[in-house]
Amino acid sequence: MGKVYIVDQEYKAKYKVWFCDQAYKEKNAEIIKGCQLVKQEYQADIKVFIVSQEYKADIKIMRKNFPA
């Protein structure tokens with residue numbers, strides 16, 4: 001199981017994430033689905049940044065599928 005951290009600067013992220021409302025809109029969600037959200041950047045295998053516009057996203061995922 002991977003570990004995910006949400007960074008505060010886009011350039012620090014490996015992937016950009018957008019939250020979608022329907023399962024059929026998910027794209028590349030399997031990259032972080034089932035992972036664990038960590039509190040410290042150094043603990044993470046994957047660093048993500050939450051984008052404000054859908055077209056910028058590498059990963060589109062429903063909130064319920066986002067690591068907790």
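In this chain, residues are counted from 1 in sequence order.
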Closest heavy-atom pair, Cys35 versus Pro67, reported as atoms and distance to 0.1 Å, is O-CB, 3.2 Å

Residues forming a side-chain contact (heavy atoms from CB on, under 4.5 Å) with Asn65, sequence neighbours excluded
Glu26, Lys33, Ile61, Met62

Look at the side-chain heavy atoms of Ile, Leu, Val, Met, Phe, Trp and Tyr, link any pair under 4.5 Å apart, and say whether Ile31 and Val51 land in one connected group.
no

When you measure from the side chain of Asp58 to the backbone of Tyr15, do you find a donor-acceptor pair of N or O atoms at a distance under 3.5 Å?
no

Hydrophobic clusters here meaning ILVMFWY residues chained together by side-chain heavy-atom distances under 4.5 Å, can you tell me if Val17 and Val7 are in one?
no

Considering all heavy atoms, the nearest Leu37-Phe66 contact
CD1-CE2, 4.2 Å

Can you name the nearest heavy-atom pair linking Ala57 to Trp18, along with the distance?
CB-CB, 3.4 Å

Distance, nearest 0.5 Å, that separates CZ of Phe49 from CD of Glu10:
5.5 Å

Quick one: list whatever passes ring-ring contact (aromatic ring centres under 6.0 Å, His included) with Tyr5, sequence neighbours left out.
none

Determine the minimum heavy-atom distance between Val48 and Ala13, stating which atoms define it.
C-CB, 3.8 Å

What's the separation between atom NZ in Lys14 and atom CD1 in Ile32, rounded to the nearest 0.5 Å?
12.0 Å

Interatomic distance, Glu54 atom CD to Lys16 atom NZ [nearest 0.5 angstrom]:
14.0 Å

Do Ile59 and Lys27 have side chains that approach each other closer than 4.5 Å (heavy atoms only, starting at C-beta)?
no

Spacing of CD belonging to Gln9 relative to NZ belonging to Lys12, to within rounding of 0.5 Å
6.0 Å

Within the supplied structure, the quantity of interest is the number of heavy atoms (other residues, nucleotides, ligands) at a distance under 6.0 Å from Lys60 NZ; does it exceed 12?
yes

Checking Tyr55 against Gln53: is there a side-chain donor and acceptor pair closer than 3.5 Å?
yes

With side chains defined as the heavy atoms from C-beta onward, is the minimum distance between Ile6 and Ile50 less than 4.5 Å?
yes

